[in-house]
Amino acid sequence: MNLRRLAAATAGGVGLTAALNRSLAGSAEPLDPPLEGFQGTYRWRGFDVAYTEAGDPDAPDVLFLHGLHAAASNKEFDQIFRQLAQQYHVIAPDLPGFGRSSRPPVVYTASLYTSFVVDFADDMTDNAICLASSLSGAYATLAQVETGAFSQLELICPTDDAGKRRKWLRTLVRSPLLGTALFNAIASKRSIRRFNERDGYFSEASYTEKDVEFEWQTAHQPGARFAPASFVSGYLNPDENLGEELARVDVPVTLVWGREAKVTPLEGGKELADEADTRLVVFDEARLLPHVEHPGPFLDVLFDELAPLEQQ
């Protein structure tokens, strides 16, 4: 192939990629709130952070912090949010860069999310019970060590996932053309289904095509790739050791795990519970999201743990 043909083929490939990116972006619709309640906006460091609030404002506060991945949002708690709102004042933000919150092209880091948890908890809750999933469990732990904002931590498959940070990968995913194309592949419906089947859920009955559609929509909002770019490249993993930090927490802590979890295997949960001297609750036939797969039993455990606190 001579240089002229090579240049033409390259230009054609770039044009096709750009056209495909535009087509996918145009297919995404504005997100409807996945949780029922008051829909508010919390202004923080230039972000418009969307949140849903429900329940009696005079009841004890429960703060929900969803996990982080390409299609993350507060929809993660749609199986338990309304039920908890019957007895508690519940509030669930979409973390900056995810869900219905704004997604500017800033550099997202673990320290940014920890600072967000500190400020949001201080401004929007009072001595809240914090229910946090995956990496958000680490941010909640660090926020508790820093400020003592919470009365109790309920952490679902928490992780600090300390690994090598790959700046080149973050730069690639953030890039306008190739990065968008790569992220579209990561966040395709096929990839979302594969993640759900392999890592998210023990049973396919735990999610529906409607769930997949919402995850695809949230992963194709404007700016959707910027926060996940830091996630896949390791920049959302905190520097601190989660076990050591949990051992410093002076409020009740419960770790919740799915027995069949792959991303965060149960063996790691047992080691973390031993290191931090915390309670560990294990759900059979569950992986990364036991609160989604078994909402009724999960709430039974949670209500049993919260009752002694209400009597104090």
Side-chain angles (χ1 to χ4, degrees), residues 1-32 44-50 66-75 94-113 116 134-135 161 163-200 209 211-237 263:
M1 181 181 292
N2 61 33
L3 291 179
R4 182 177 298 176
R5 289 180 178 176
L6 177 61
T10 300
V14 170
L16 181 62
T17 300
L20 181 59
N21 289 343
R22 287 195 299 271
S23 175
L24 289 172
S27 299
E29 302 174 354
L31 290 175
D32 291 326
W44 182 77
R45 298 189 183 181
F47 288 91
D48 287 327
V49 176
H66 63 76
L68 275 64
H69 52 81
S73 76
N74 66 8
K75 186 183 185 300
D94 280 321
L95 296 180
F98 292 98
R100 296 169 55 244
S101 294
S102 57
R103 313 187 189 200
V106 301
V107 177
Y108 294 82
T109 63
S111 61
L112 181 143
Y113 284 109
F116 168 77
S134 189
L135 268 173
D161 198 21
K164 185 176 181 180
R165 291 174 179 169
R166 295 166 290 181
K167 186 176 181 179
W168 65 268
L169 181 57
R170 184 180 67 180
T171 301
L172 174 62
V173 178
R174 289 176 61 90
S175 64
L177 183 62
L178 292 179
T180 301
L182 177 59
F183 184 70
N184 284 337
I186 294 172
S188 68
K189 290 183 180 179
R190 180 179 179 182
S191 293
I192 290 170
R193 291 191 193 97
R194 185 183 301 120
F195 173 81
N196 287 341
E197 293 170 4
R198 181 190 63 207
D199 299 317
E209 279 302 305
D211 296 323
V212 172
E213 176 65 24
F214 185 91
E215 289 179 314
W216 186 89
Q217 291 287 343
T218 192
H220 288 81
Q221 298 297 305
R225 72 185 186 280
F226 295 120
S230 290
F231 172 69
V232 299
S233 58
Y235 281 88
L236 299 191
N237 304 329
V263 175

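Note that the structure is a prediction, hence the values are computed from the model and not measured.
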**Residue pair Pro105 / Arg174, side-chain heavy-atom distance below 4.5 Å** = yes
**Item:** Side-chain touch Leu135/Phe231, heavy atoms, less than 4.5 angstrom
**Value:** yes
**Prompt:** Heavy-atom distance under 4.5 Å between the side chains of Val232 and Leu169, does that happen here?
**Reply:** yes
**Item:** Pair Asp94 + Lys75, salt bridge at N-O below 4.0 Å
**Value:** no
**Request:** Please tell me if the side chains of Arg225 and Ile186 come closer than 4.5 Å, counting only heavy atoms from C-beta onward.
**Result:** no
**Asked** What closest approach, in Å, do Leu31 and Phe214 show between heavy atoms, and which atom pair accounts for it?
**Response** CD2-CE1, 4.0 Å
**Prompt:** Under a 4.5 Å cut-off applied to non-hydrogen side-chain atoms, are Asp199 and Arg194 in contact?
**Reply:** no
**Item:** Qualifying residues under ring pair (Phe, Tyr, Trp, His ring centres under 6.0 Å), relative to Phe183, sequence neighbours excluded
**Value:** none
**Request:** Could you pull out the closest heavy-atom pair between Ala187 and Trp216, with the gap in Å?
**Result:** O-CD1, 3.4 Å
**Item:** Any Phe116 side-chain heavy atom under 4.5 Å of Leu95 side chain
**Value:** yes
**Request:** State whether the side chain of Ser233 and the backbone N or O of Ala229 hold a donor-acceptor pair below 3.5 Å, judged by distance alone.
**Result:** yes
**Message:** Return the OG to CZ distance between Ser188 and Arg193, rounded to the nearest 0.5 Å.
**Reply:** 8.5 Å
**Request:** For Ala227 and Gly97, work out which heavy atoms get closest and say how close.
**Result:** CB-O, 3.8 Å
**Prompt:** Got Glu213 and Lys189 here, is their nearest side-chain heavy-atom distance under 4.5 Å?
**Reply:** yes
**Item:** Where Ala72 and Gly67 come nearest, the two heavy atoms and their spacing
**Value:** CB-O, 3.1 Å
**Message:** Is there a side-chain contact between Asn74 and Phe98 in this structure, where contact means two heavy atoms from C-beta onward sitting under 4.5 Å apart?
**Reply:** no
**Message:** Applying side-chain contact (heavy atoms from CB on, under 4.5 Å), can you list everything that pairs with Ser230, at least two apart in sequence or on another chain?
**Reply:** Tyr108, Arg170, Tyr235, Leu236
**Asked** With distance as the sole test, does Gln217 use its side chain to make a donor-acceptor pair with the main-chain N or O of Glu29 at under 3.5 Å?
**Response** yes
**Request:** Taking all heavy atoms of Trp44 and all of Leu112, pick out the closest pair and write down the distance.
**Result:** CH2-O, 3.4 Å
**Minimum-distance pair of heavy atoms, taken over all atoms of Ser111 and Thr109** = OG-OG1, 3.0 Å
**Request:** Nearest 0.5 Å please: distance from the CZ atom of Arg166 over to the CH2 atom of Trp168.
**Result:** 6.5 Å
**Prompt:** Any side chain to side chain donor-acceptor pair (under 3.5 Å) pairs touching residues 95-106, not counting sequence neighbours?
**Reply:** Gln39-Arg100, Arg103-Thr218
